[in-house]
Enquirer: 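Sharing a structure here in structure tokens format.
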Amino acid sequence: MKNNEVARVFQDIADLLEFKGENVFKIRAYERAARAIEHYPRELKTMIEAGEELRDIPGVGEAIAGKAVELITTGRLSYYENLKNKLPQGITNLLAIPGIGPKTARRLSGELGISSVDELERAINEGAVAELSGLGNKTAENMLHQIQALRRKDQRIPIGEALPIAEEIIIALGAVAGVRNLTPAGSLRRFRETVGDIDLMGTADNPGQVVDAFAALPQVAQVLAHGSTKGSVIVKGGLQIDLRMVNHDAFGSLLQHFTGSQQHNIALRERGRRQGLTLSEYGITVTSTDELEKFSTEEDFYRRLGLQYIPPELREAQGELARAEQQSIPPLVELSDMKGDLHAHTRWSDGHDSVEELALAARDLGYQYIAITDHSAGRGIAHGLDMDRLWQQIAEIKALNDRLTGIRVLTGIEVDIRADGSLDFPHEVLSRLDIVIAAVHSSMHQSQDKMTRRVIGAIEDPDVDVIAHPTCRLVGGREPVAIDLEAVFRAAAKNDKIVEINAMPDRLDLKDVHAFRARELGVKLAIGTDAHSTSHMGFMRFGVGLARRAWCQPRHILNTLPLSELLVLVNRNR
DNA sequence: GCCGTTTTCGGCCCGACTGTTTTCAGTCG
């Protein structure tokens, strides 16, 4: 059983306890544990097999550790099943409706016998809900709207779609006089792989003007709220965007508050409370004197608490506070550290642009090199290269390197790892390329054993430099293949091979927690955009954001190396 | 249920909004 499945069970327990009316701190403990397990870089199953203590995970104590062991080793959890059996089935569906909390859900269930969204909708339409004391027509009406919104609403959207929308709006609002500091907050700023909505923050001499401009944007399909400092809209496509403007002097605490994560804020505020400080979006209040201190920057806010600045990507309550206390948060990799792109496709296979167009785009980005890694012939649908065409492409790249200055084009291939573990090209071909990326593109439903052996076989092949998109998952789409990543990482570390962070926002593969674990095990990582056109080369920032979430420094990422050092490394076997 | 620079027991983030209120409970982020 995977960590995210375990996390889902504990979240479900939290919901059931909430419905039951349990102690709110017990509920919060289950929620906290669910988040912690979801973000934990190691598989709990592996830890249990190795006899390691689950209580090392922050937020997991004796009781939850015991439940996790039972759940993972037997596939069942008696506590959970008893809880489900005692409560009306499907009741947590009601809690998923915004505006309905445990109290309301319990009344709907107890007084009207409702336990599903459909039943609730019927009861509202029959007027039964509005007749409950303490509720009313307005409440019933809102429930109906929320049910309809829930049915239309797409799930969380990939960061690759959300960030450009946010930036477009920031640019438009930047034209308003006296506006400053416009920036995304929330999960978008933390570079999570998906976001539920977009939060924008900023300061202005005249905040109301900015909100007015926001509500009047051409992208806006519906205005939900429009005040003097806050606006909330739905843009075309259904995504909700909230804007919040404050005076310049309180921006630091505002941005900190709305960047979250919620678990990070809770941990931070608990710590502040022990110091006699009350933290909020308005600033820090010294509890004994009731005096409010304001902060124009997040750096000052964290410093006031005796903490090193914590980059947004690390704010997931995964030990970053302890590190900040010791002033030992490392300098994370930045986009400007990237010296080249190691994964790109051209018209030779399934890309849209020529080798030269990609090379010039890479030079414009300030890179020193770009590797052309078209597909091998085994990828029939991708118009892969056979040996003849690969020789032709190598000749073209050689001629281009003679002609171009300021950028070095590396010859390469994304060679298919076939179902039987063999590679699409023989040693005589692969050994003549600057860089060889190997990846799985077919037979994705193999058993975990077979898939793991298949990929480790490629890692052990001396011709292979990089393993690309190791899990083949698609964000919000295809599930990852069954593969023992721990074993893959250990093999990569042992053979000194590189594992890719695929920066394409639909892939983001490795994902953050796995990249974290790979780094811990000493695996060198590379960020590749998998560009199929020059415009895709901008995906690098998503890969960098992911690497930062994995606490990666420049030294952990292969393509922060300058060209000369990179060539030494990839040519060592040739 | 978790956890410790007061504490192994007694706390546990904080403020805003909404609707149905006559002083606030419930919910959310």
Side-chain angles (χ1 to χ4, degrees), chain A residues 10-11 13-37 54-68 79 83 94-108 129-143 145-146 185-188 190 195-199 201 224-225 227 229-230 232 240 242 244 246 250 253-254 256-285 287-288 292 305-306 317 321-322 325-326:
Chain A
F10 285 128
Q11 180 59 55
I13 289 174
D15 289 342
L16 291 166
L17 292 176
E18 195 176 16
F19 176 81
K20 225 179 118 192
E22 257 289 359
N23 178 327
V24 290
F25 300 110
K26 185 170 171 177
I27 296 163
R28 190 188 294 167
Y30 276 100
E31 281 175 340
R32 183 176 175 212
R35 294 289 81 73
I37 290 168
L54 298 185
R55 296 180 62 181
D56 291 345
I57 302 169
V60 175
E62 192 181 347
I64 291 184
K67 291 187 172 73
Y79 174 77
L83 206 52
L94 294 184
L95 291 171
I97 300 168
I100 296 185
K103 299 279 165 51
T104 311
R106 218 162 50 241
R107 296 199 55 201
L108 292 171
V129 173
E131 281 170 19
L132 292 180
S133 73
L135 300 180
N137 276 324
K138 190 90 184 190
T139 305
E141 192 77 7
N142 283 343
M143 282 181 190
H145 282 137
Q146 293 294 353
S187 48
L188 186 57
R190 301 200 313 277
V195 304
D197 61 9
I198 294 176
D199 299 307
M201 306 287 135
L224 300 175
T229 62
K230 268 173 67 172
S232 186
Q240 181 168 337
D242 299 328
R244 188 155 167 147
V246 292
S253 49
L254 178 86
Q256 196 287 322
H257 172 78
F258 281 103
T259 296
S261 65
Q262 192 179 24
Q263 295 298 335
H264 172 85
N265 283 355
I266 289 173
L268 192 67
R269 288 164 183 202
E270 277 175 355
R271 186 178 170 282
R273 179 168 270 274
R274 290 197 293 273
Q275 298 172 304
L277 303 171
T278 304
L279 284 53
S280 79
E281 59 264 51
Y282 301 104
I284 296 175
T285 307
T287 317
S288 57
L292 176 70
L305 299 168
L321 290 188
E325 261 171 33
Q326 301 154 2

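So you know, we letter chains A, B, ... as the sequences are listed, proteins then strands, and number each from 1. Given the structure is predicted, the values throughout are model-derived calculations rather than measurements.
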Enquirer: Report the distance from atom CD of A/Glu281 to atom P of B/dC28, rounded to the nearest whole Å.
Expert: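 Rounded to the whole Å, the gap is 18 Å.
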Enquirer: Any non-hydrogen side-chain atom of A/Ser133 less than 4.5 Å from a side-chain atom of A/Arg107?
Expert: yes
Enquirer: A/Leu254 has an atom CG; how far is it from atom C1' of B/dA16, in whole Å?
Expert: 13 Å
Enquirer: In whole Å, what separates the P atom of B/dA16 from that of B/dC9?
Expert: 37 Å
Enquirer: Compare side-chain N and O positions of A/Arg32 against OP1 and OP2 of B/dC2 and report whether any pair is under 4.0 Å apart.
Expert: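 It does not, given that no N or O in the side chain of A/Arg32 lies less than 4.0 Å from OP1 or OP2 of B/dC2.
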Enquirer: Taking atom P in both B/dG4 and B/dT8, compute the distance separating them and give it to the nearest angstrom.
Expert: 13 Å
Enquirer: Using every non-hydrogen atom in the two residues, find where A/Gly272 and A/Leu279 come nearest and quote the distance to one decimal.
Expert: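 Of all heavy-atom pairs spanning A/Gly272 and A/Leu279, the closest is CA-CD1, 4.0 Å.
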Enquirer: What integer distance in Å separates A/Leu95:CG from B/dT27:C1'?
Expert: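 Checked: the CG to C1' distance equals 11 Å.
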Enquirer: Considering only side-chain heavy atoms of A/His257, which listed nucleotide, B/dC2, B/dG29, B/dG15, is closest?
Expert: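 The listed nucleotide nearest to A/His257's side chain is B/dG29.
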Enquirer: Do the side-chain N or O atoms of A/Arg274 get closer than 4.0 angstrom to the phosphate oxygens (OP1, OP2) of B/dC12?
Expert: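 So the side chain of A/Arg274 is outside the cut-off, no N or O lying under 4.0 Å from OP1 or OP2 of B/dC12.
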Enquirer: Write down the distance separating the C1' atoms in B/dT20 and B/dT27, rounded off to the nearest Å.
Expert: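 The same atom, C1', in both gives a distance of 14 Å.
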Enquirer: Kindly point out which of B/dT20, B/dG15, B/dG1 is positioned nearest to the side chain of A/Lys67?
Expert: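 Closest of the options to the side chain of A/Lys67: B/dG1.
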Enquirer: Under 4.0 Å from any atom of DNA chain B, heavy atoms only: list the residues of residues 261-270 of chain A that qualify, in numerical order.
Expert: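 When residues 261-270 of chain A is checked for heavy atoms under 4.0 Å from DNA chain B, the hits, listed by number, are A/Gln262, A/Ile266, A/Arg269, A/Glu270.
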Enquirer: For A/Gln146 and B/dT27, give me the distance from atom CD to atom P, rounded to whole Å.
Expert: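 Taking atom P of B/dT27 as the reference, CD of A/Gln146 is at 13 Å.
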Enquirer: Side chains of A/Leu268 and A/Leu321, heavy atoms from C-beta outward: is any pair under 4.5 Å?
Expert: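 Answer yes - side chains close enough.
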Enquirer: What is the nucleic acid contact for A/Glu62, judged by heavy atoms within less than 4.0 Å: base, sugar-phosphate only, or nothing?
Expert: sugar-phosphate
Enquirer: Measure NZ/A/Lys230 against P/B/dG15 and give the value in whole Å, please.
Expert: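 A/Lys230 atom NZ is separated from B/dG15 atom P by 15 Å.
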Enquirer: Determine the contact category for A/Ile100: base if any of its heavy atoms lies under 4.0 Å from a base atom, sugar-phosphate if only primed atoms, P, OP1 or OP2 are that close, otherwise nothing.
Expert: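 The answer is sugar-phosphate, as A/Ile100 gets under 4.0 Å only of primed atoms, P, OP1 or OP2.
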Enquirer: Determine whether A/Gln146 and A/Ile100 make a side-chain contact, defined as any pair of heavy atoms from C-beta on separated by less than 4.5 Å.
Expert: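 When only atoms from C-beta onward are counted, A/Ile100 and A/Gln146 do not touch, as no gap falls below 4.5 Å.
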Enquirer: What integer distance in Å separates A/Arg273:CZ from B/dG10:C1'?
Expert: 13 Å
Enquirer: Taking 4.0 Å as the cut-off, does a side-chain nitrogen or oxygen of A/Thr139 come that near to OP1 or OP2 on B/dT18?
Expert: no
Enquirer: Tell me, please, which residues at least two apart from A/Thr285 pass side-chain hydrogen bond (donor to acceptor under 3.5 Å, both in side chains).
Expert: none
Enquirer: Consider the side chain of A/Pro98, meaning its heavy atoms from C-beta on, and name the nucleotide among B/dC28, B/dC17, B/dG26 that approaches it most closely.
Expert: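 For the A/Pro98 side chain, the nearest candidate turns out to be B/dC28.
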Enquirer: Of the nucleotides B/dT20, B/dC17, B/dG1, which has the atom closest to the A/Ile64 side chain?
Expert: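 The listed nucleotide nearest to A/Ile64's side chain is B/dG1.
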Enquirer: With rounding to the closest Å, how many angstrom separate the P atoms on B/dG15 and B/dG10?
Expert: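 Their P atoms lie roughly 26 Å apart.
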Enquirer: Where the side chain of A/Asn142 is concerned, which of B/dT27, B/dT18, B/dG1 is the nearest nucleotide?
Expert: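 Closest nucleotide to the A/Asn142 side chain: B/dT18.
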Enquirer: Using both distances under 3.5 Å as the test, list the Watson-Crick or G-U wobble partner of B/dT8, or none.
Expert: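 WC or wobble partner does not exist here.
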Enquirer: Among the nucleotides B/dT27, B/dG29, B/dC2, which one has an atom lying closest to any side-chain atom of A/Lys103?
Expert: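 Ranking B/dT27, B/dG29, B/dC2 by closest atom to the A/Lys103 side chain puts B/dT27 first.
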Enquirer: With the side chain counted from C-beta on, respond yes when A/Asp242 and A/Phe258 share a heavy-atom pair under 4.5 Å apart, and no when they do not.
Expert: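 When only atoms from C-beta onward are counted, A/Phe258 and A/Asp242 do not touch, as no gap falls below 4.5 Å.
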Enquirer: Flag the pair A/Lys67 / A/Tyr30 as yes when at least one side-chain heavy-atom distance between them is below 4.5 Å, and no otherwise.
Expert: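 In short, these two side chains touch, coming nearer than 4.5 Å.
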Enquirer: When rounded to the nearest Å, what value does the distance between P atoms of B/dG11 and B/dT6 take?
Expert: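 That atom pair is separated by 16 Å.
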Enquirer: Base, sugar-phosphate, or nothing: which does A/Ile97 touch, judged by heavy atoms less than 4.0 Å apart?
Expert: sugar-phosphate
Enquirer: Whole-Å distance between B/dC12 C1' and A/Arg271 CZ?
Expert: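 The answer, rounded to whole Å, is 17 Å.
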Enquirer: After noting the C-alpha distance and the side-chain angles of A/Asp15 and A/Gln11, does the key distance pass the side-chain hydrogen bond (donor to acceptor under 3.5 Å, both in side chains) rule?
Expert: CA-CA 6 Å; A/Asp15 289 342; A/Gln11 180 59 55; 3.3 Å; yes
Enquirer: Looking at B/dG1, B/dG26, B/dG15, which one has an atom nearest to any side-chain atom of A/Phe25?
Expert: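 Nearest nucleotide to the side chain: B/dG1.
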Enquirer: Measure the shortest side-chain to side-chain distance between A/Thr104 and A/Leu94 over non-hydrogen atoms and say whether it is less than 4.5 angstrom.
Expert: no
Enquirer: B/dG1 and B/dT5: how far apart are their C1' atoms, nearest whole angstrom?
Expert: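 Approximately 24 Å lies between the C1' atom of B/dG1 and that of B/dT5.
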Enquirer: A/Thr104 has a side chain; which of B/dG15, B/dG1, B/dG26 sits nearest to it?
Expert: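 Between B/dG15, B/dG1, B/dG26, the one nearest the side chain of A/Thr104 would be B/dG26.
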Enquirer: Using the closest heavy atom to pick a nucleotide of DNA chain B for each, name whichever of A/Asp199 or A/Gly136 lands nearer the 5' end.
Expert: A/Gly136
Enquirer: Report the distance from atom CG of A/Leu94 to atom P of B/dG26, rounded to the nearest whole Å.
Expert: 17 Å
Enquirer: Which nucleotide sits closest to the side chain of A/Lys26: B/dG1, B/dG19, B/dA16?
Expert: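 Within the option list, the nearest is B/dG1.
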Enquirer: Determine the interatomic distance between C1' on B/dT7 and the same-named atom on B/dC2; round to the nearest Å.
Expert: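 Approximately 14 Å lies between the C1' atom of B/dT7 and that of B/dC2.
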Enquirer: Between A/Arg244 and A/Asp199, is there a side-chain heavy-atom distance shorter than 4.5 Å?
Expert: no
Enquirer: Where each residue is assigned the nucleotide of DNA chain B containing its nearest heavy atom, which of A/Asn137 and A/Tyr30 is assigned the position nearer the 5′ end?
Expert: A/Tyr30
